[in-house]
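Keep in mind that what you see is a predicted model, and the values were worked out from it rather than measured.
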Amino acid sequence: MDLNMEESIVGMLATSKAGHDKDSVYVIIREDGEYIYVADGKSRTVERPKRKNRKHVQLIKKKRMPEPDKGFDDLEIKRVIKEYLKEREERNV
């Protein structure tokens, strides 16, 4: 999926394709031009998201977290990522 599309990608899960966090799973919490801001609910919280270039992430098409009216919650982000990782592990067994 192309990250340059007009459709909002906020709330989607994505994996890091580059950097020391390669293969880490995040939730996209904000878009800003060529950059996106991601959080995992643990080391990268909603209050301290990681800024990544759009080219350095791969969207996970099957999983999307609805964007809450009051902002994202670290506990909810952790839960969604944990569910995704469990599903992925079960598929690969």
Side-chain angles (χ1 to χ4, degrees):
M1 182 178 242
D2 188 8
L3 291 182
N4 296 322
M5 294 172 62
E6 293 298 318
E7 184 180 327
S8 175
I9 59 172
V10 172
M12 291 188 81
L13 269 69
T15 55
S16 176
K17 295 193 307 186
H20 71 278
D21 63 340
K22 185 177 179 192
D23 298 325
S24 296
V25 178
Y26 296 106
V27 172
I28 299 170
I29 61 168
R30 191 167 80 231
E31 297 177 85
D32 184 19
E34 68 180 271
Y35 294 101
I36 59 170
Y37 293 83
V38 297
D40 65 5
K42 292 184 244 175
S43 59
R44 288 298 177 170
T45 62
V46 173
E47 302 296 320
R48 207 173 64 84
K50 180 166 184 62
R51 183 179 85 160
K52 292 200 67 76
N53 190 306
R54 288 175 180 261
K55 295 183 277 186
H56 296 162
V57 297
Q58 175 67 48
L59 293 179
I60 299 170
K61 299 176 189 175
K62 297 178 181 174
K63 208 61 163 155
R64 183 180 195 106
M65 186 175 166
E67 188 175 353
D69 297 332
K70 298 176 183 164
F72 288 97
D73 175 53
D74 289 323
L75 289 174
E76 184 68 13
I77 289 173
K78 283 194 285 190
R79 186 188 63 74
V80 168
I81 291 173
K82 185 177 179 179
E83 283 177 8
Y84 168 74
L85 292 174
K86 184 178 179 185
E87 290 171 12
R88 187 173 74 176
E89 186 178 304
E90 288 173 356
R91 284 192 309 264
N92 292 332
V93 171

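- In this structure a side-chain-to-backbone donor-acceptor pair under 3.5 Å is present from Arg48 to Ser43.
- Annotation: Lys82, atom NZ; neighbour count of heavy atoms from other residues, nucleotides and ligands within 6.0 Å does not exceed 12.
- Closest approach of Lys61 to Met12, counting heavy atoms only: CA-CE, 4.3 Å.
- By the 4.5 Å heavy-atom criterion applied to side chains, Val10 and Arg30 are not counted as neighbours.
- Rounded to the nearest 0.5 angstrom, Leu75 CG and Thr45 OG1 are separated by 11.5 Å.
- Closest heavy-atom contact between Val46 and Ala39: N-CB, 4.2 Å.
- Rounding to the nearest 0.5 Å places OG of Ser24 at 10.5 Å from CZ of Arg44.
- Closest of all the heavy-atom pairs between Ala14 and Ile28 is CB-CD1, 4.1 Å.
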Show the atom names and distances, to 0.1 Å, of all donor-acceptor pairs under 3.5 Å that link a side chain in residues 83-93 to residues at least two apart or in another chain.
unit_1	atom_1	unit_2	atom_2	d
Glu83	OE1	Arg79	NH1	3.4
Glu83	OE2	Arg79	NH1	2.3
Asn92	ND2	Arg88	O	3.2

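- Between Tyr26 and Ile36, every side-chain heavy-atom pair lies at or beyond the 4.5 Å cut-off.
- In this structure the side chain of Lys52 reaches within 4.5 angstrom of the side chain of Asp21, judged on heavy atoms.
- Looking at Arg54, its side chain does come within 3.5 Å of a backbone N or O of Gly33 through a donor-acceptor pair.
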